A.B. asks: 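I have a structure here, written as structure tokens, and I will follow up with some questions on it.
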Amino acid sequence: MKNFRERAAQPEEPEAPGCDVPATAAEALTEGHRATRERVARSILDHGPSSAADLASRLGLTAAAVRRHLDGLVAAGLVESREQRVYGSRGRGRPAKVFALTDGGRDAFYQAYDQLAADALRWISEAAGGGEAGEQAVAAFARARLAKQGRKYRGAVEQADAQQRAEALARALSADGYAATVRRVPAAGAAPAAPAGAQLCQHHCPVAHIAEQFPQLCEAETEVFSQLLGTHVQRLATIAHGDGVCTTYVPASGAAPSSSRTPGAVPAAGNTSPNETGSTARRNLA
């Protein structure tokens, strides 16, 4: 799980060529204020819902400065305001406003979910006997998990026109936190009038640290994309392999599969996954 600072600001690692970075609430946090806002959020995590005055006193800041940082945290979806709970008799006047972490704000601080997931997948592999059998067991789990996710997206994708299905999938992925975008690109060596293919770019991967150890997760995701889009797709880059963006090439409708990489989407040497395609899918989403 990314820590708070990583969650509260856009990563500075290079993006894959041709992938536009989507605007997010995290961009509200500027470099100069990030550390202070992290202190504000950490104080709320340590002490519970707090008023601006309480935070100013604990952190040695002015109330005005704390309110500016709280406004940024609220805009980023990391903090929310609420009325202070009063136990016992309540005095006159409006209850004080306090600020509490949202679920997203709490998750932004390091938690042990990554280690738990890695341990679980490692146990699956070892329980199956390790080696090739263990790898196949992890792959079976990955397919089952991604198939469930694919069924969730199927309705939105199938309702879209054939030429807009990549965009429909990107919207569905973004709703689940993948910050996905689509960029239309010409097919390699195609005539100018030929229909454009698409680069499906995922700017965030919630399981990147786990997929680095268990590439079966990326392979299963690629298979599901192929099934949803009804065409061969080619994974060009993944965050798990060190690239800035997970990039998948989706050929234009009716285009023949190609083993060549699409111009403008070539990731850094040594950071590219093998030619993972959905043609090896072993389980339908139905």
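All of these numbers come straight from a predicted model, not from anything done at the bench.
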A.B. asks: Looking only at heavy atoms, what is the nearest atom pair of Gly150 and Val224, with distance?
C.D. replies: CA-CG1, 3.8 Å
A.B. asks: Quick one: does any side-chain atom of Asp243 pair with a main-chain N or O of Thr238 as donor and acceptor, under 3.5 Å?
C.D. replies: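 Flag set: sc Asp243 to bb Thr238 pair under 3.5 Å.
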A.B. asks: Determine the minimum heavy-atom distance between His69 and Thr36, stating which atoms define it.
C.D. replies: NE2-CG2, 3.3 Å
A.B. asks: Counting C-beta onward and ignoring hydrogens, is there a side-chain heavy-atom pair between Arg184 and Glu167 closer than 4.5 Å?
C.D. replies: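 Answer yes - side chains close enough.
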A.B. asks: What pairs with Asp46 under salt bridge (charged side-chain N to carboxylate O under 4.0 Å, His left out), at least two apart in sequence or on another chain?
C.D. replies: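 Testing Asp46 for salt bridge (charged side-chain N to carboxylate O under 4.0 Å, His left out), a comparison that skips the adjacent residues, returns Arg42.
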A.B. asks: Taking all atoms of both residues into account, what is the closest heavy-atom pair of Thr102 and Gly77, and its distance?
C.D. replies: OG1-O, 2.7 Å
A.B. asks: Between Cys205 and Val207, is there a side-chain heavy-atom distance shorter than 4.5 Å?
C.D. replies: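 Answer yes - side chains close enough.
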A.B. asks: Applying the 4.5 Å side-chain criterion to the ILVMFWY set and letting contacts propagate, would Ile210 and Trp123 be lumped into a single cluster?
C.D. replies: yes
A.B. asks: Could you measure the distance from the CD atom of Gln227 to the CZ atom of Arg151? Nearest 0.5 Å is fine.
C.D. replies: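 Reported to 0.5 Å precision, the distance equals 10.5 Å.
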A.B. asks: For the residue pair Val157 and Leu228, what are the closest heavy atoms and their distance?
C.D. replies: CG1-O, 3.5 Å
A.B. asks: By side chain to side chain contact (heavy atoms under 4.5 Å, CB included), which residues pair with Ser81, not counting sequence neighbours?
C.D. replies: Lys97, Phe99
A.B. asks: Ignoring hydrogens and angles, tell me if any N or O in the side chain of Arg67 forms a donor-acceptor pair with the backbone of Ala52 under 3.5 Å.
C.D. replies: no
A.B. asks: Less than 4.5 Å apart, any side-chain heavy atom of Leu121 and any of Ile124?
C.D. replies: yes
A.B. asks: What distance do Gln216 atom CD and Arg145 atom CZ have between them, rounded to the nearest 0.5 Å?
C.D. replies: 13.0 Å
A.B. asks: Is the shortest heavy-atom distance from the side chain of Leu70 to the side chain of Val40 under 4.5 Å?
C.D. replies: yes
A.B. asks: What is the distance from atom CG of Leu146 to atom OG1 of Thr222, rounded to the nearest 0.5 Å?
C.D. replies: 8.5 Å
A.B. asks: According to salt bridge (charged side-chain N to carboxylate O under 4.0 Å, His left out), who are the partners of Glu135, at least two apart in sequence or on a separate chain?
C.D. replies: none
A.B. asks: Give the intermediate values and the outcome of salt bridge (Lys or Arg N to Asp or Glu O under 4.0 Å) for residues Glu80 and Arg82.
C.D. replies: CA-CA 7 Å; Glu80 61 184 0; Arg82 61 175 68 159; 3.0 Å; yes
A.B. asks: Where do Gln202 and Val245 come nearest, in terms of heavy atoms and distance?
C.D. replies: O-CG1, 3.4 Å
A.B. asks: Let's go through Asp119 and Arg122 carefully: what are the C-alpha distance in whole Å and the side-chain angles of both, what is the deciding distance for salt bridge (Lys or Arg N to Asp or Glu O under 4.0 Å) to 0.1 Å, and is it a yes or a no?
C.D. replies: CA-CA 5 Å; Asp119 289 346; Arg122 197 167 292 111; 3.4 Å; yes
A.B. asks: In the structure I gave you, are the side-chain heavy atoms of Leu229 and Leu169 within less than 4.5 Å of one another anywhere?
C.D. replies: yes
A.B. asks: Is the shortest heavy-atom distance from the side chain of Ser50 to the side chain of Val98 under 4.5 Å?
C.D. replies: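 Counting from C-beta outward, Ser50 and Val98 never come under 4.5 Å.
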A.B. asks: Are Thr181 and His203 close enough, and set up right, to give a side-chain hydrogen bond (donor to acceptor under 3.5 Å, both in side chains), and what steps lead you there?
C.D. replies: CA-CA 8 Å; Thr181 60; His203 301 264; 3.0 Å; yes
A.B. asks: Considering only distance and modelled atom types, tabulate donor-acceptor pairs under 3.5 Å from the side chains of residues 172-179, sequence neighbours left out.
C.D. replies:
residue, atom, partner, partner atom, Å
Ser174, OG, Ala170, O, 3.0
Ser174, OG, Ala180, N, 2.9
Ser174, OG, Ala180, O, 3.1
Asp176, OD1, Lys152, NZ, 2.8
Asp176, OD2, Lys152, NZ, 3.1
Asp176, OD2, Tyr153, OH, 2.6
Tyr178, OH, Gln149, NE2, 3.4

A.B. asks: Quick one: does Thr248's side chain have a donor or acceptor within less than 3.5 Å of a partner on Gln234's backbone?
C.D. replies: no
A.B. asks: Rounded to the nearest 0.5 Å, what separation is found between the CZ atom of Arg37 and the CG atom of Leu78?
C.D. replies: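 The CZ atom of Arg37 sits 10.0 Å away from the CG atom of Leu78.
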A.B. asks: Taking the side chain as every heavy atom from C-beta outward, state whether Cys218 and Arg235 have any pair of such atoms under 4.5 Å apart.
C.D. replies: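 With C-beta onward as the side chain, the pair touches.
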A.B. asks: Under a 4.5 Å cut-off applied to non-hydrogen side-chain atoms, are Glu223 and Arg143 in contact?
C.D. replies: yes
A.B. asks: Identify the two heavy atoms, one from Ala168 and one from Ala160, that lie closest to each other, and give their separation to 0.1 Å.
C.D. replies: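 Smallest heavy-atom distance, with atoms named: CB-CB, 3.8 Å.
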A.B. asks: How would you list, by chain and number, every residue that makes a side chain to side chain donor-acceptor pair (under 3.5 Å) with Gln164, sequence neighbours excluded?
C.D. replies: none
A.B. asks: Any chance you could measure Leu73, atom CG, to Arg68, atom CZ, to the nearest 0.5 Å?
C.D. replies: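 Going from the CG atom of Leu73 to the CZ atom of Arg68 covers 13.0 Å.
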A.B. asks: Run the side chain to side chain donor-acceptor pair (under 3.5 Å) test against Ser43 and tell me which residues pass, sequence neighbours left out.
C.D. replies: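 Testing Ser43 for side chain to side chain donor-acceptor pair (under 3.5 Å), a comparison that skips the adjacent residues, returns Arg58.
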A.B. asks: Have Ser57 and Asp54 got a donor and an acceptor in their side chains that come within less than 3.5 Å?
C.D. replies: no
